[in-house]
Each structure stands twice: as C-alpha cells, then as structure tokens.
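One structure is given below, represented as structure tokens, and several questions about it will come after.
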Amino acid sequence: MEHNDELYLKQTVGNRNPFQVPEGYFEQLTEQVMQQLPERQSSVVQLAEQPEQVTTPARTQRLRPWFYAAACVALALVMGVSYYFTQSPSTTMDGGHMAAASAPAAVAPLDNSYIDEAADYCMLDNTEIYAYLSEN
C-alpha cells in the first residue's frame with residue numbers, strides 16, 4: 001500500500017523541489033537582521049548601570065601561585081598523616097612489631113584471613129583450591 005502511495009506522489013509531483021526562495025532574499029537578509037537587532041547604545045547604558053567590579057590588588061595576584069602551592073602541600077600533608085594513622089598495626093614495622101615479625105612461625109600466630117578474602121574475590125571454592133594445590 002505504501003509503495004503505491006509513493007509511486008502516485010512521484011507521478012503527480014515528480015522529482016522537482018516545490019519550495020522556492022524569493023528573488024533577492026539573501027541580498028536583503030543581512031539588512032533585515034541588522035535592523036531587528038537592539039541598539040548598541042542601550043546595551044552600553046545597561047552596562048554602565050551595573051555596579052563596578054572589585055579588582056584584586058597586584059600583590060594578591062602575585063601571591064596567588066604561592067597560595068595554590070601552600071594548599072597543595074597542606075593537602076599532601078593531611079593525606080600522608082591520615083594514611084599513616086589508618087594503617088593496621090600488623091602492616092607497620094615499628095619496634096614492637098619487629099620482634100613479632102622476626103619471631104619463628106611456631107611462636108607467632110599466623111594470620112591467614114587475607115587468603116579467605118582472596119579466595120572469595122577469585123570465586124574459588126574448596127575443590128578448585130585443592131585442584132590447584134595438587135598441580136603444584
């Protein structure tokens with residue numbers, strides 16, 4: 001049905017473009033658009049009525065890079081201190097933990113909790129773990 005409608009339209013209208021541009025349209029277009037623009041003097045008056053902007057002193061402009069550098073250093077210092085204090089005691093190697101780390105394995109209890117987490121992350125069950133261990 002649609003094919004017949006398209007065929008009918010092509011037979012009656014053909015391939016010509018029914019839309020036309022009036023003579024001299026593009027020559028007059030620029031003048032018409034410029035006439036429709038608001039006056040520039042009124043926009044200047046509106047700008048003059050706005051409150052004056054406060055300019056920053058030259059000294060502040062010269063010190064601005066130093067302010068940025070100080071902010072970066074402060075941020076790095078805060079992040080470093082927070083990282084240091086959020087470390088678990090088993091991963092820090094200060095004097096008290098050095099003795100525990102260098103002690104024989106029979107004396108110090110083994111912490112294998114990370115193995116369970118790794119197995120859960122890899123989605124391994126016990127049979128797969130046994131298969132991997134038997135291959136090695």
Side-chain angles (χ1 to χ4, degrees):
M1 184 77 176
E2 291 179 22
H3 186 338
N4 292 335
D5 293 338
E6 290 178 16
L7 185 61
Y8 172 74
L9 286 174
K10 281 189 180 181
Q11 288 175 353
T12 56
V13 177
N15 289 334
R16 69 179 177 86
N17 188 359
F19 302 105
Q20 296 179 358
V21 177
E23 292 293 326
Y25 176 76
F26 289 109
E27 288 82 16
Q28 298 172 1
L29 180 66
T30 307
E31 294 173 9
Q32 290 176 357
V33 170
M34 291 302 287
Q35 289 175 357
Q36 292 177 357
L37 289 175
E39 294 293 325
R40 289 185 174 254
Q41 292 177 354
S42 63
S43 64
V44 171
V45 171
Q46 290 174 356
L47 290 176
E49 293 174 0
Q50 292 178 353
E52 295 181 19
Q53 295 180 353
V54 179
T55 58
T56 58
R59 183 175 18 158
T60 306
Q61 289 179 353
R62 281 182 285 156
L63 293 177
R64 186 171 291 174
W66 291 102
F67 291 143
Y68 292 146
C72 291
V73 168
L75 179 66
L77 185 65
V78 167
M79 289 177 64
V81 168
S82 65
Y83 178 75
Y84 177 76
F85 284 114
T86 57
Q87 289 292 313
S88 64
S90 63
T91 58
T92 58
M93 291 297 203
D94 57 349
H97 296 295
M98 283 292 260
S102 64
V107 176
L110 295 176
D111 184 25
N112 292 332
S113 63
Y114 66 91
I115 293 175
D116 293 332
E117 292 175 16
D120 288 341
Y121 180 75
C122 295
M123 291 191 266
L124 296 174
D125 59 351
N126 289 340
T127 56
E128 291 176 344
I129 293 173
Y130 294 141
Y132 286 130
L133 289 176
S134 65
E135 290 175 2
N136 292 333

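Scope of the values below: all heavy atoms of this structure, side chains included, with no hydrogens, waters or symmetry mates.
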Original post:
Should Phe26 and Met34 be regarded as members of a common hydrophobic cluster, given that ILVMFWY residues are connected when their side-chain heavy atoms come within less than 4.5 Å of each other, either directly or indirectly?
Top reply: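 Different clusters.
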Original post:
Can you hop from Phe85 to Leu75 via hydrophobic side chains spaced under 4.5 Å?
Top reply: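 No, it is not one cluster - the side chains of Phe85 and Leu75 are not joined through contacts under 4.5 Å.
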Original post:
According to a 4.5 Å side-chain heavy-atom criterion applied to Ile, Leu, Val, Met, Phe, Trp and Tyr, with indirect links allowed, do Leu63 and Tyr68 form part of one hydrophobic cluster?
Top reply: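 In one cluster: no.
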Subject >> Gap between atom CG of Leu9 and atom CG of Asn4 - 0.5 Å precision >> reply: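 It comes to 11.0 Å.
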Subject >> Within 6.0 angstrom of Gln32 CD, more than 12 heavy atoms from elsewhere >> reply: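 Count over threshold, so yes.
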**OP:** Would you give the length of the straight line joining atom CE of Met79 to atom CG of Leu77, rounded to the nearest 0.5 angstrom?
**Re:**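 So the gap between those two atoms works out to 11.5 Å.
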Original post:
Could you state the interatomic distance from CD (Gln28) to CD (Glu23), rounded to the nearest 0.5 Å?
Top reply: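 It comes to 11.0 Å.
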Subject >> Between CG on residue Asp5 and NZ on residue Lys10, distance to nearest 0.5 Å >> reply: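 Reported value, rounded in 0.5 Å steps: 13.0 Å.
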**OP:** Answer yes if the side chains of Tyr83 and Gln87 hold a donor-acceptor pair under 3.5 Å, and no otherwise.
**Re:**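 Short answer, yes.
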